[in-house]
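First the structure, in the form of structure tokens, and then the observations on it.
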Amino acid sequence: MRLLVVGSVALDSVKTPFGEVKDVLGGSATYFSCSANHYTQVNLVAVVGDDFPRKYFELIEEAGIDTKGLQIKKGGKTFRWSGYYEYDLNQAHSLRTELNVFETFSPHIPEEYKNAEYVFLANIDPDLQMEVLNQVRKPKLVVGDTMNFWIENKKESLLAILKKLDIILLNDSEARQLCEEYSLLKAAKKILSWGPRIVIIKKGEHGALLWSSTGEHFSAPVYPLEEINDPTGAGDSFAGGFVGFLADSGDLSDENIRRAMIYGSIMASFDVEDFSLNRLQNIKKEDITERFQELKRITHFEELKETISKEE
Ligand code: AMP
């Protein structure tokens, strides 16, 4: 029982310049699970209504994700999110967020999940993130994510959960909004002063940056793609590769955390190729390995040249 995730399981309606889908499987915990699941066993804690389509249950179960912690609320309506992207896919525009069953959700962690060593608090009400964390016994690593919706509506609760995290993931606009700082370095320093020992700022198609309280800094590139259809879930897929790989390897050294960032970047690259979970559910180990080698090849460069021959 290594990896536990709590977050949203949703029905998403999304429009991008490349297509449109209605009421398809989404949610922060869903994307995370379907990504992390390529590395390790994932135990999912969330809630859906009894309107949640059977085919989506089957998809989650067939992926091998443990759903003992996925509650079905009788008579309840599943969380729904709708949004769109302009030609700049880095910025999601939320149209509607219907919390529905999450409004009254009280997460109950199955006994066998309480010993989870790795915990991912996916984007959800920070009060719910705290409720989950309070039930877990002695995790080795707690990683969390959030978004503008909670920064605007639950800032106090968000700051309280930040104190409990080892690693926080958020995107550049959220970091700027949360810290009221334009410089991402200044924002990262501020966030580190609030509790986490590592902050990872995702910059959409421009990669992701890591800063740690020990001064470690790393920049992960994105995998260059020809086919991009829908960036929804890219952040959660990144988190899935990142935490899933760390949970599987059990190695939290700086070098391995850098490697985990690359796995994160790779999983995000698969996600954006298609809508919903369509691409993520169809990848194989070889696909991941191939992208890892390619990223290593295109970002490698040689040592500093001893001298520059041009005279000053
Ligand atoms: P991402 O693109 O990685 O930031 O995450 C997209 C997913 O987050 C979508 O599938 C949504 O269902 C989900 N989502 C959107 N808003 C919220 C919210 N306020 N709380 C929890 N999940 C959300």
Side-chain angles (χ1 to χ4, degrees), residues 5-16 21-36 44-49 52 56 59-60 77-85 88-103 105 107 120-129 132 143-155 157-158 161 168-175 177 200-205 208 228-243 264-265 267-280:
V5 55
V6 62
S8 58
V9 171
L11 294 174
D12 286 349
S13 297
V14 179
K15 189 171 178 190
T16 79
V21 286
K22 215 176 157 356
D23 284 341
V24 295
L25 180 60
S28 56
T30 318
Y31 279 107
F32 176 86
S33 303
C34 288
S35 166
L44 168 66
V45 172
V47 62
V48 290
F52 190 65
Y56 292 153
L59 191 154
I60 294 172
K77 257 184 97 184
T78 300
F79 174 92
R80 278 172 172 75
W81 177 76
S82 64
Y84 69 95
Y85 302 83
D88 173 8
L89 295 176
N90 287 322
Q91 191 58 52
H93 302 278
S94 289
L95 288 171
R96 278 206 334 266
T97 303
E98 296 173 37
L99 295 176
N100 296 333
V101 285
F102 274 103
E103 261 171 305
F105 179 49
F120 184 64
L121 306 172
N123 173 28
I124 195 73
D125 185 332
D127 289 333
L128 293 177
Q129 293 180 322
V132 167
V143 185
D145 192 359
T146 194
M147 75 179 295
N148 51 4
F149 186 85
W150 304 113
I151 297 171
E152 283 151 27
N153 296 307
K154 288 262 176 122
K155 190 157 175 187
S157 305
L158 185 59
I161 195 77
I168 173 80
L169 291 150
L170 69 184
N171 71 30
D172 45 1
S173 62
E174 290 154 1
Q177 184 183 13
I200 294 175
I201 299 182
K202 298 163 288 174
K203 301 194 302 155
E205 64 176 333
I228 301 176
N229 277 300
D230 174 18
T232 308
D236 308 305
S237 306
F238 180 99
F242 179 77
V243 186
S265 192
M267 298 317 282
S269 76
F270 287 118
D271 169 59
V272 303
E273 285 181 305
D274 206 339
F275 286 84
S276 187
L277 282 300
N278 296 346
R279 179 72 175 109
L280 267 188

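Atoms within a ligand are numbered from 1 in the order they appear, just like the ligands themselves.
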Q.
Within ligand 1, which atoms have a heavy atom of Trp150 less than 4.0 Å away?
A. 18 (C), 19 (N), 20 (N)
Q | For Gly235, atoms of ligand 1 separated by under 4.0 Å from a heavy atom | A | 3 (O)
Q: State, without any angle test, whether Thr232 and Tyr31 hold a side-chain donor-acceptor pair at a distance under 3.5 Å.
A: no
Q | Of Phe120, Phe238, Phe242, the residue whose pairing with Phe32 passes ring-ring contact (aromatic ring centres under 6.0 Å, His included) | A | Phe120
Q) At what distance, to the nearest 0.5 angstrom, does OG1 of Thr146 lie from CG of Leu170? A) 8.0 Å
Q) Which residue pairs pass the salt bridge (charged side-chain N to carboxylate O under 4.0 Å, His left out) test when at least one of the two sits in residues 231-241, sequence neighbours left out? A) none
Q. With no hydrogens and no angle check, is any side-chain donor or acceptor of Asn229 less than 3.5 Å from a backbone partner on Glu273?
A. yes
Q: Look at atom 17 (C) of ligand 1 and say which protein heavy atom is nearest, naming residue and atom and giving the distance to 0.1 Å.
A: Met147 SD, 3.4 Å
Q) For Phe149 and ligand 1, does the shortest N/O to N/O distance drop below 3.5 Å? A) no
Q: Just need the protein heavy atom nearest to atom 8 (O) of ligand 1, so name the residue and atom and give the distance.
A: Ser28 N, 3.9 Å
Q | Numbering as shown, the atoms of ligand 1 that approach Ala10 to under 4.0 Å (heavy-atom distance) | A | 12 (O)
Q.
Return the NZ to CG distance between Lys202 and Asp145, rounded to the nearest 0.5 Å.
A. 4.0 Å
Q) Between Ser8 and ligand 1, does any nitrogen or oxygen pair lie at a separation below 3.5 Å? A) yes
Q. Can you check whether Tyr31 has an N/O within less than 3.5 Å of an N/O in ligand 1?
A. no
(Q) Within the 4.0 Å heavy-atom shell around Asp236, which atoms of ligand 1 are there? (A) 1 (P), 3 (O), 5 (O), 6 (C), 7 (C)
Q | Contact partition for Ala234 relative to ligand 1, non-hydrogen atoms under 4.0 Å | A | backbone
Q. Phe79: heavy atom below 4.0 Å from ligand 1, yes or no?
A. yes
Q: Give the residue and atom name of whichever protein heavy atom lies nearest to atom 21 (C) of ligand 1, and the separation in Å to one decimal.
A: Asn123 O, 3.0 Å
Q | Whether Phe105 and Phe102 hold their rings parallel, tilted or perpendicular, with breakpoints at 30° and 60° | A | perpendicular
Q.
Using a 4.0 Å cutoff against the non-hydrogen atoms of Thr232, which atoms of ligand 1 qualify?
A. 2 (O), 6 (C), 9 (C), 10 (O)
Q. Just which atoms of ligand 1 are under 4.0 Å from any heavy atom in Gly26?
A. 10 (O)
Q | Asp12 N/O under 3.5 Å from ligand 1 N/O | A | yes
Q.
Counting non-hydrogen protein atoms only, what is the nearest one to atom 2 (O) of ligand 1? Give residue, atom name and distance.
A. Gly233 N, 2.7 Å
Q. Out of curiosity, Glu205 CD to Leu89 CG, how far, rounded to the nearest 0.5 Å?
A. 7.0 Å
Q | Whether Ser35 side chain and Gly241 backbone form a donor-acceptor pair below 3.5 Å | A | yes
(Q) Please list, in number order, the atoms of ligand 1 under 4.0 Å from a heavy atom of Gly27. (A) 9 (C), 10 (O), 12 (O)
Q | Contact check, side chains of Arg80 and Asp23, non-hydrogen atoms, under 4.5 Å | A | yes
Q) Ser276 side chain to Leu25 main-chain N or O, any donor-acceptor pair under 3.5 Å? A) yes
